[in-house]
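Down below is the structure, laid out as structure tokens.
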Amino acid sequence: FAAANQARPKLIRNQFGGTMGGPILRNRAFFFFSYEGDREIDGSTIVDTVPTLAERQGDFSGLGRPIYDPSTTAVNPNGPGYVRTQFLNNQIPTVQFDPVAVKVMNAVLQKPNQPGLINNFVLSPSSTIPANQYVGRIDTSLSSRDTLFGRYFIEKQDQSVPDPFYLGGSTDNISRSQSFVLGETHTFGPSMINEFRVGYTRLNAIKDIPAKAPAFAQYGINGIQADSSVKGIPQFAGSELPTFGDQTFYPNQKIPEDYEIKDNLTVIRGTHTLKTGVDYRHQRQFFSISGNARGSF
């Protein structure tokens, strides 16, 4: 859906990495390490309808339907309902523009880059998705009957999703996932073995706008509570315009955690194998979500 005069959206993905392992102590301890990197550029096309240059100046003469002055609303003297007076030549005087609306329109609401009244804005921005994944593991023999291992995993991903109708031009999705496992295996004999595991998993996912500070005052928007985490401007939605401004539910942070302790005992008796054990898990969820804290219009 890209316009003919615009470049085709890109899709570029590079995946790379490597592994390495070897002994730490001969026949006793070993290490393993792996790295995987992803670099992705993902283009998408936005097609939307924005006010024409004339409409941004209050000139709706080319719209094809009347525009009425809301300040002239009065009771219909000839029947039920209300009547209003149409703007002369369908042109709204600039003196009646709301100063907040003018500032927001000039800062966020994009100008058309295609002809016509409908689908006159086309843009093909690209999301950037860099990700890095690391895994480390150590195995060691404590004795002829005991082995121990530890493994640590971490993955980091920072995604920037462009949107020309946000104040900062994009949203940021940041995630950090990590886990740690420690395990010990004890051999009682040829017919009995015990496996013990302790594990921890954590995810920290944050969605936010790139604006660094609140911008309410500079646009003349009042009545929003002061909060250092609430930045940008409110979201504006109209029936025939794209939604613009900043997301109502950002910032949005979620941190689920999982703790696990597990022990398994295996016993072999003749042709029978018996297994028993315990698995204990403790899960915790943390959520911090903005509930329309910056307001919306």
Side-chain angles (χ1 to χ4, degrees), residues 41-42 44 46-53 55-58 70-71 92 94-113 121 123-131 156-177 202-257 284-297:
I41 299 176
D42 188 2
S44 59
I46 298 171
V47 181
D48 225 318
T49 299
V50 297
T52 65
L53 297 180
E55 290 171 346
R56 294 171 73 98
Q57 300 300 317
S71 65
I92 304 173
T94 55
V95 295
Q96 291 187 234
F97 285 7
D98 186 288
V100 173
V102 173
K103 291 181 180 180
V104 173
M105 176 180 68
N106 291 334
V108 186
L109 192 53
Q110 300 292 317
K111 296 179 181 179
N113 57 14
F121 179 79
L123 190 67
S124 299
S126 296
S127 300
T128 57
I129 312 173
K156 302 179 180 180
Q157 179 174 295
D158 299 331
Q159 181 180 15
S160 178
V161 182
D163 192 317
F165 299 106
Y166 290 168
L167 180 62
S170 65
T171 58
D172 295 330
N173 299 330
I174 303 171
S175 67
R176 300 285 186 271
S177 57
R202 183 178 192 267
L203 170 66
N204 186 1
I206 303 173
K207 294 184 177 182
D208 203 356
I209 60 175
K212 302 303 180 184
F216 316 126
Q218 70 186 74
Y219 290 95
I221 302 171
N222 301 315
I224 300 175
Q225 291 188 6
D227 188 320
S228 59
S229 67
V230 180
K231 302 166 290 186
I233 60 174
Q235 189 177 80
F236 294 78
S239 60
E240 298 183 27
L241 293 174
T243 299
F244 58 97
D246 291 313
Q247 290 279 11
T248 58
F249 58 92
Y250 283 7
N252 183 322
Q253 184 178 21
K254 300 176 182 178
I255 305 179
E257 291 181 313
R284 182 170 65 175
Q285 302 278 346
F286 170 81
F287 297 95
S288 175
I289 302 174
S290 168
N292 204 16
R294 62 178 60 83
S296 59
F297 290 89

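Values below: all heavy atoms of this structure, side chains included; hydrogens, waters and symmetry mates excluded.
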Full working for side chain to side chain contact (heavy atoms under 4.5 Å, CB included) between Gln157 and Ile129
CA-CA 7 Å; Gln157 179 174 295; Ile129 312 173; 3.8 Å; yes

Roughly how far, to the nearest 0.5 Å, is [atom2] of [Y] from [atom1] of [X]?
| X | Y | atom1 | atom2 | result |
| --- | --- | --- | --- | --- |
| Phe236 | Phe297 | CZ | CZ | 5.0 Å |
| Lys156 | Ile174 | NZ | CD1 | 12.0 Å |
| Arg202 | Ile255 | CZ | CD1 | 4.5 Å |
| Ser170 | Gln159 | OG | CD | 10.5 Å |
| Leu123 | Asp48 | CG | CG | 11.0 Å |

Are [X] and [Y] side-chain neighbours, meaning at least one heavy-atom pair lies under 4.5 Å?
| X | Y | answer |
| --- | --- | --- |
| Pro214 | Val230 | no |
| Arg294 | Ile209 | yes |
| Thr243 | Gln235 | yes |
| Leu203 | Lys254 | no |
| Phe165 | Leu109 | yes |

Run through Asn173, Val161, Asp163 and flag the one making a side-chain contact (heavy atoms from CB on, under 4.5 Å) with Ser127.
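Result for side-chain contact (heavy atoms from CB on, under 4.5 Å) with Ser127: Val161.
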
For residues [X] and [Y], report the shortest heavy-atom separation together with the two atoms involved.
| X | Y | value |
| --- | --- | --- |
| Met105 | Arg56 | O-NH2, 3.4 Å |
| Gly245 | Val108 | N-CG1, 3.7 Å |
| Pro162 | Pro125 | CG-CB, 3.5 Å |
| Gly220 | Val100 | O-CG2, 3.5 Å |

Given Asn204 and Gln253, is the side chain to side chain contact (heavy atoms under 4.5 Å, CB included) satisfied, shown in steps?
CA-CA 7 Å; Asn204 186 1; Gln253 184 178 21; 3.0 Å; yes

Run Lys103 and Asp98 through salt bridge (Lys or Arg N to Asp or Glu O under 4.0 Å) and show every step you take.
CA-CA 9 Å; Lys103 291 181 180 180; Asp98 186 288; over 6 Å; no

Backbone N or O of Ile233 within a donor-acceptor pair of the Asp246 side chain at under 3.5 Å?
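Flag set: sc Asp246 to bb Ile233 pair under 3.5 Å.
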
Measure from the side-chain N and O atoms of Gln110 to the backbone N and O of Pro164, and report whether any donor-acceptor pair falls under 3.5 Å.
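Yes.
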
Take Ile206 and Arg176, measure what side chain to side chain contact (heavy atoms under 4.5 Å, CB included) needs, and give me the verdict at the end.
CA-CA 9 Å; Ile206 303 173; Arg176 300 285 186 271; over 6 Å; no

Any salt bridge linking Asp208 with Lys231? Criterion: basic side-chain nitrogen under 4.0 Å from a carboxylate oxygen.
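Counted as a salt bridge, because a side-chain N and a carboxylate O are separated by less than 4.0 Å.
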
Under 6.0 Å between ring centres, would you say that holds for Tyr250 and Tyr166?
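No, the ring of Tyr250 stays outside the 6.0 Å limit from the ring of Tyr166, centre to centre.
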
Stepwise side chain to side chain contact (heavy atoms under 4.5 Å, CB included) test for Tyr219 and Leu167:
CA-CA 12 Å; Tyr219 290 95; Leu167 180 62; 3.4 Å; yes

